[in-house]
Structure formats: structure tokens, C-alpha cells
Amino acid sequence: MQRYFLEETESGKDDLAITGDDAKHIAKVMRQSVGDQLIAVVSGTVHLAEITEIATDVHIKLIRELEDRSELPKKVTIACGLPKGDKLELITQKATELGMSSLLPYSAERSIVKWDGAKSAKKIERLRKIAKEAAEQSHRSRIPTIQSVHTFKELLSAAKNYDAVIVAYEEEAKKNGGSRFAEILESLYDKDSILLVFGPEGGISEAEAAALKEAGAQFAALGPRILRTETAPLYALSAISYEFE
């Protein structure tokens, strides 16, 4: 059954309206009609709903709340140094499927691409659309938050808001005796929010690593193999899912 996310402002109401592209999808693509049912997610709560009217908007009535266990027990934010091409789109889609709570793109020292104001706004809007579609497809009850592009300094400031900060940085992990990601996960059972930091294609610079270390971040090796920048976040989320779900 198709799933649709409604605006937070609709919370507390029983008769709701689905608008925009979602309304068109219901009427033109799914070809649903009055009396048909769908899944409506309002403020993170999942409901079985029935279509009561189809016009420009699709009007629905909530029938009953449904049990939902689709969200990770931990709130995981993925901080990615801006990668080349469409890699961030891939990360957004797959990380949403794997339970990511938020995506925090940042301009790293070794990021080759640069996002200016207009380009950044357009790309962020595209990532939000991808996250929404992936959340619907994977039957999430929350759409991950796609944050605006941060500078590295802003990333450091944001890191203070998390219970744990973990950096995927092979060289630093080796210096500290090769901290295994599994060992770090075992220490996170009493933590709620986790920030995972990944570099772009060239990795995290020594200066960035030093700053993150000073800020209290833990460093981890993600297994014995070197992972691509678009693979590493998916590996980490899969391990978190295995450990806590």
C-alpha cells in the first residue's frame, strides 16, 4: 500500500488533504478513487486512511493508527565531505533506506567540488526530494532532515550537540591501535544521538582530524578494506542496524 507523508501542520486532524505532486501521483499514477485506502504518515505517526474526495487535492480520512517499528533506535546523522558527481544523491537515497536521521554535507579541505549559494539551494532541494521518496519506498515514519552545507568550522560547532561523534579515519585509527567500529558501537548503548563523520574522495585532512580529535571525537577503522566515500556511510549504518535492531 502506497505511503504518503503529510505536513506537520496537519497533526491532530482526522480529515486531511494531500496536495501537490503526491495528489497527482494518487490520481494519475496510482489511479486511486474515492473509497480506496492508503498509508498516511503525520508527524511521525502512521495511519491507515481512506480517500474521501479527489479533486486538485486528495482528501482523506484517518481510520486508525498503525504500529510502526521502522526507525533506528539511534538518531544517526551522516556528515559527508562534499563528494564529486551524484555520489551525495546515492548516499542520501541508500542511507535513508538504512535509517539515517539526518544528512549534514560539509565543505571539507579536500572536497574538489564547491557549492555556491544558488547551486547549493538547488542541490539541497533535490536531496530532500530523494530522501522523501526513499522514506516512502522503505516505509519509514520519518523523512531524514537534509541540512544546508556546513563549513568545517560549523561542523565542529554542530558536533557539540551529539552524544557521540565517530570519525571514519583509517590513519588515525591505526595510530590508536586500530579501533574497531564494533568495539565503539558497544560503548553506544546509553547514547541516543550519533554523528558519523566521513571525508570526501581524498579523505579527511590531518588538520581536520586533529580538530575533531580535540573536540572529543572517536576514530574508527571500518574494517580491513578501504571503502569509497559513498560506501563508508552505508557500511556504518548497516553495522549500527545490526548492533541495535
Side-chain angles (χ1 to χ4, degrees), residues 2-8 20-22 25 39 41 44 46 68 70-108 110-152 154-155 158-159 161-162 165-168 181 193-204 222 227-242 244-245:
Q2 191 70 28
R3 177 170 299 222
Y4 298 93
F5 288 87
L6 279 73
E7 296 293 335
E8 301 290 318
D21 290 339
D22 285 343
H25 185 267
I39 301 296
V41 183
V46 182
D68 181 79
S70 62
E71 297 302 308
L72 274 179
K74 305 293 182 183
K75 296 176 183 177
V76 181
T77 294
I78 301 295
C80 290
L82 292 177
K84 296 183 293 185
D86 60 358
K87 292 177 182 178
L88 202 55
E89 294 186 4
L90 174 66
I91 292 170
T92 299
Q93 182 188 62
K94 301 307 177 187
T96 296
E97 293 177 24
L98 290 167
M100 172 182 73
S101 175
S102 179
L103 178 74
L104 191 162
Y106 70 96
S107 183
R110 294 175 179 170
S111 289
I112 296 174
V113 299
K114 304 296 179 184
W115 290 10
D116 59 25
K119 182 178 182 181
S120 177
K122 184 177 181 180
K123 285 185 171 290
I124 292 297
E125 188 60 33
R126 168 67 177 159
L127 294 178
R128 287 172 178 160
K129 184 173 187 280
I130 290 171
K132 176 180 178 294
E133 292 173 350
E136 291 171 344
Q137 182 275 323
S138 56
H139 287 198
R140 294 276 305 269
S141 59
R142 296 281 182 184
I143 302 172
T145 301
I146 308 300
Q147 302 185 45
S148 59
V149 177
H150 285 47
T151 63
F152 182 74
E154 289 171 335
L155 170 64
N161 300 321
Y162 294 86
V165 180
I166 304 170
V167 182
F181 193 53
S193 60
I194 303 168
L195 176 66
L196 299 179
V197 183
F198 303 89
E201 290 85 355
I204 294 171
L222 301 183
L227 304 178
R228 290 179 180 271
T229 188
E230 67 269 31
T231 307
L234 310 183
Y235 173 102
L237 281 167
S238 298
I240 289 173
S241 174
Y242 179 84
F244 296 108
E245 288 192 302

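Tested against E201, the residues R110, R228, K87 include a single side chain to side chain donor-acceptor pair (under 3.5 Å) partner, K87. With M100 as the fixed residue, the side chain to side chain contact (heavy atoms under 4.5 Å, CB included) test singles out one of I91, V76, I240, L237: L237.
Note that the CD1 atom of I78 and the CD atom of Q147 stand 11.5 Å from one another [nearest 0.5 Å]. Here the straight-line distance linking atom CZ of F198 with atom CG of L104 works out to 12.5 Å at 0.5 Å rounding. Atom CZ of R126 sits about 11.5 Å away from atom CG of L88, to the nearest 0.5 Å. With rounding to the nearest 0.5 Å, the separation of CD in Q137 from CD in Q2 is 10.0 Å. Remark: K84 NZ to I112 CD1 distance equals 4.5 Å, nearest 0.5 Å. Note that the OG1 atom of T92 and the CD1 atom of I130 stand 6.0 Å from one another [nearest 0.5 Å].
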*Starting from the C-alpha separation in whole Å, work towards a yes-or-no answer on side chain to side chain contact (heavy atoms under 4.5 Å, CB included) for C80 and L103.*
CA-CA 8 Å; C80 290; L103 178 74; 4.2 Å; yes

*asked:* Using the rule given for salt bridge (charged side-chain N to carboxylate O under 4.0 Å, His left out), can you reason through E133 versus K129, listing the C-alpha separation, both sets of side-chain angles and the distance that settles it, and then say yes or no?
replied: CA-CA 6 Å; E133 292 173 350; K129 184 173 187 280; 2.9 Å; yes

*What's the verdict on side chain to side chain contact (heavy atoms under 4.5 Å, CB included) for T77 and S193, showing C-alpha distance, side-chain angles and the deciding distance?*
CA-CA 8 Å; T77 294; S193 60; over 6 Å; no

*Let me see the working for V113 and K123 under side chain to side chain contact (heavy atoms under 4.5 Å, CB included), right down to the final yes or no.*
CA-CA 13 Å; V113 299; K123 285 185 171 290; over 6 Å; no

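S102 places a side-chain N or O within 3.5 Å of a backbone atom of T145 that can act as its donor or acceptor partner. Between the side chain of S111 and the backbone N or O of S107, no donor-acceptor pair lies under 3.5 Å. Formation of a donor-acceptor pair under 3.5 Å by the E71 side chain with backbone atoms of S141 is found in this model. Not a single donor-acceptor pair under 3.5 Å links the side chain of R3 to the backbone N or O of S138.
Shown here is K122, whose NZ atom has no more than 12 heavy atoms of other residues, nucleotides or ligands within 6.0 Å.
Closest heavy-atom contact between Y106 and I204: OH-CG1, 4.1 Å. The two residues L6 and Y4 have their closest heavy-atom pair at CD1-O, 3.7 Å. What you find for F244 and P73 is that their closest heavy atoms are O-CG, 3.4 Å. Closest of all the heavy-atom pairs between G81 and A108 is CA-CB, 4.2 Å. Considering every non-hydrogen atom in both P83 and T229, the closest pair reads CB-CG2, 4.1 Å. Nearest heavy atom pair, residue A79 against residue L195, reads CB-CD1, 3.9 Å.
A salt bridge is defined here as a Lys NZ or Arg NE, NH1 or NH2 lying under 4.0 Å from an Asp or Glu carboxylate O, and K132 with D21 fails to meet this definition.
L227 is not listed as a side-chain neighbour of L234, based on a closest heavy-atom distance of 4.5 Å or more.
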